[in-house]
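First up is the structure itself, then whatever we jot down about it.
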Amino acid sequence: MARGSAVAWAALGPLLWGCALGLQGGMLYPQESPSRECKELDGLWSFRADFSDNRRRGFEEQWYRRPLWESGPTMDMPVPSSFNDISQDWRLRHFVGWVWYEREVILPERWTQDLRTRVVLRIGSAHSYAIVWVNGVDTLEHEGGYLPFEADISNLVQVGPLPSRLRITIAINNTLTPTTLPPGTIQYLTDTSKYPKGYFVQNTYFDFFNYAGLQRSVLLYTTPTTYIDDITVTTSVEQDSGLVNYQISVKGSNLFKLEVRLLDAENKVVANGTGTQGQLKVPGVSLWWPYLMHERPAYLYSLEVQLTAQTSLGPVSDFYTLPVGIRTVAVTKSQFLINGKPFYFHGVNKHEDADIRGKGFDWPLLVKDFNLLRWLGANAFRTSHYPYAEEVMQMCDRYGIVVIDECPGVGLALPQFFNNVSLHHHMQVMEEVVRRDKNHPAVVMWSVANEPASHLESAGYYLKMVIAHTKALDPSRPVTFVSNSNYAADKGAPYVDVICLNSYYSWYHDYGHLELIQLQLATQFENWYKKYQKPIIQSEYGAETIAGFHQDPPLMFTEEYQKSLLEQYHLGLDQKRRKYVVGELIWNFADFMTEQSPTRVLGNKKGIFTRQRQPKSAAFLLRERYWKIANETRYPHSVAKSQCLENSPFT
Ligand code: GCB
């Protein structure tokens, strides 16, 4: 595809849907509808970590065959939550190996007696390798945290009169190896004068705590036995009409009818269609715009899909409603365009991280974070460094927060991590990410990795393959990875659509020399742009700051230093902002937990908010900047300047 002209991904349409390596079926977010029921299994589960030397006692003694308490002492474990920070046992905080979760459920009779009902067990995520048993029967395995997986368990629950009590056992292993994503290594320390026999540590090559467990919701849901398995939507715009291309996959029978209706936000039908694929035309379309880019951001239509089918047991119907935002994404050699207008990412990098719950999904935290994003005037974030919970992505659609959706390709730091097994797994993970998040209008770009050792030849080939695969899976969005390599050495940049750069001037080197930032930043941008002629996002920059530390003139770790460093970066960014720099994402939204080390004081403190979501001084500085940029880049421009800050309900 010719570079230099606008590459409008949406217009390419669904060329290559379905070129997956081996994924079976869709991964629609579970929802209640006239044909579907959900039963959340959040709450207290029984829990036991396998502290045996080889960590395999649970398998040797088959803990899944009987209630877990019969195997030995268990404790209460909240789900969703990471298990690490829940107890007072230091061994559990640092545990590496198998942990066991168990919970009993009573099912409604109609789920177990009506053979036209399909019962599915869905796990929002289990970090990092999981095996699931239902009533002691091996049901499901999944590799990789941060993504959902599920199994049809109808044949286990529909086995005669009233077997309505289910025992679900899930064993999870958080060990990271050279072929997991993220990768890691297990190091055995064999000097017996220092370490007991068999002593090992888990080494990771990323900068966040490897929280683990059932960190997202577990649930059971039903569909009819013939059901809507997947929906894929892409959108484009033709004059003032929106076009919605849909493709629907149905499982369970070939004798079915599909009807599709698109409703606007007032529930008025604006288009309809039939069959497994088609195009809906919406004259006078209301586009999905990012927050602050337009006076009516985040407009969502609803795609209602109705299936009627004949089965050997009689007729069934299924209903599923998908939110749809109509928007286009395109990239020129110097711009990132949303709906044909230049978009500037003024946002943050985040982590799923909080006190006590670790990476456990939490509604109050979610809503607080989105209120802070709006207060800040942030219009975007990157899901550094793994896909976030589906509920987060839904909020982004609804609030107009644009997402660079990053997979768990973080910590690819050693040459041995670029092997064929990893490559295959990485491609499969991208399939799972795209399958889960493809319909979110908020997602405008995929990121396949963060700071891989992209100066290596082997990394160049690896990144080329993962990026090509991701583009084939979804031709409707640009693809990137985030680099911290030198422009002359990086082997992955030729394959990306947008260059994303992390740099920490006057932090990881030239300590305290804030006066160098503008020069070094200009050199960085100019070198990369000259070589690649692609739009650039400053995807990380920041400074470690302990809330409440003050020093003027500024010294490292103080709030004043963080502010001054940001100011210098902003001056440098403004030099290139209207040329080819299309975004800036601060590192980080909030302080977050890491492994212990002499350079981390109870975690990484580069947040502009504390871990408890209270602002440091830099938050106010960034807020002023983001609202100012928002006013300058708003469309249509007729909206009065400064209106946002003064009249915003969020001030
Ligand atoms: C980076 C990494 C991020 C770290 C950050 C830091 O470049 O992408 O994961 O947390 O730097 O604070 O060092």
Side-chain angles (χ1 to χ4, degrees), residues 145-146 176 181-184 203-211 345 347-354 358-359 381-388 404-414 417 447-455 459 463 480-487 489-490 492-493 496 499-511 517 520-521 524 528 536-547 556-557 561-562 565-566 569 583-611 616 618 622:
Y146 314 115
L176 300 179
L181 210 62
N203 293 321
T204 59
Y205 304 85
F206 50 79
D207 183 36
F208 56 91
F209 190 73
N210 189 31
Y211 281 114
F345 296 77
V348 304
N349 292 277
K350 287 185 97 262
H351 262 299
E352 290 188 318
D353 178 272
K359 292 197 179 303
F381 65 75
R382 172 166 66 118
T383 66
S384 43
H385 296 306
Y386 38 82
Y388 294 173
I404 301 174
D405 200 348
E406 186 159 280
C407 84
V410 59
L412 291 156
L414 306 180
F417 294 163
S447 165
V448 302
N450 179 69
E451 298 187 353
S454 52
H455 59 282
L463 289 165
T480 191
F481 78 93
V482 173
S483 178
N484 65 343
S485 292
N486 180 276
Y487 79 100
D490 191 287
V496 302
I499 306 257
C500 288
L501 300 177
N502 294 349
S503 58
Y504 285 90
Y505 301 129
S506 304
W507 187 260
Y508 284 122
H509 48 82
D510 301 310
Y511 315 135
I517 290 176
Q520 295 184 0
L521 197 57
Q524 167 197 275
W528 279 90
I536 301 178
I537 295 175
Q538 181 69 39
S539 42
E540 284 183 28
Y541 69 105
E544 209 81 20
T545 307
I546 300 185
M556 291 175 83
F557 293 99
Y561 192 88
Q562 187 181 36
L565 183 140
L566 262 55
Y569 259 92
E584 54 190 86
L585 305 175
I586 185 80
W587 190 264
N588 189 285
F589 173 73
D591 294 346
F592 59 92
M593 190 47 71
T594 63
E595 277 298 347
Q596 301 180 69
S597 87
T599 56
R600 293 288 179 260
V601 186
L602 281 183
N604 186 310
K605 293 278 188 287
K606 295 195 186 72
I608 52 160
F609 297 102
T610 63
R611 200 182 193 206
K616 302 178 191 171
L622 206 61

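Counting starts at 1 for both ligands and their atoms, following the listed order.
Among the candidates Lys616, Arg611, Lys606, the single residue satisfying the salt bridge (Lys or Arg N to Asp or Glu O under 4.0 Å) test with Asp591 is Lys616.
Looking at Lys350, its side chain never comes within 3.5 Å of a backbone N or O of Phe381 through a donor-acceptor pair. Side chain of Asp353 to main chain of Gly358: no donor-acceptor pair is present (N/O by atom type, distance under 3.5 Å, no hydrogens or angles).
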Original post:
Can you list the steps and then say if Ser539 with Asn502 is a side chain to side chain donor-acceptor pair (under 3.5 Å)?
Top reply: CA-CA 5 Å; Ser539 42; Asn502 294 349; 2.8 Å; yes
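The contact shell of ligand 1, taken as protein residues with any non-hydrogen atom closer than 4.0 angstrom, comprises Asp207, His385, Asn450, Glu451, Asn502, Tyr504, Tyr508, Glu540, Trp587, Phe592, Arg600, Asn604, Lys606.
A ring-centre distance under 6.0 Å is found for Tyr386 and His351.
Residues Thr383 and Glu406 share a closest heavy-atom pair of OG1-N, 2.7 Å.
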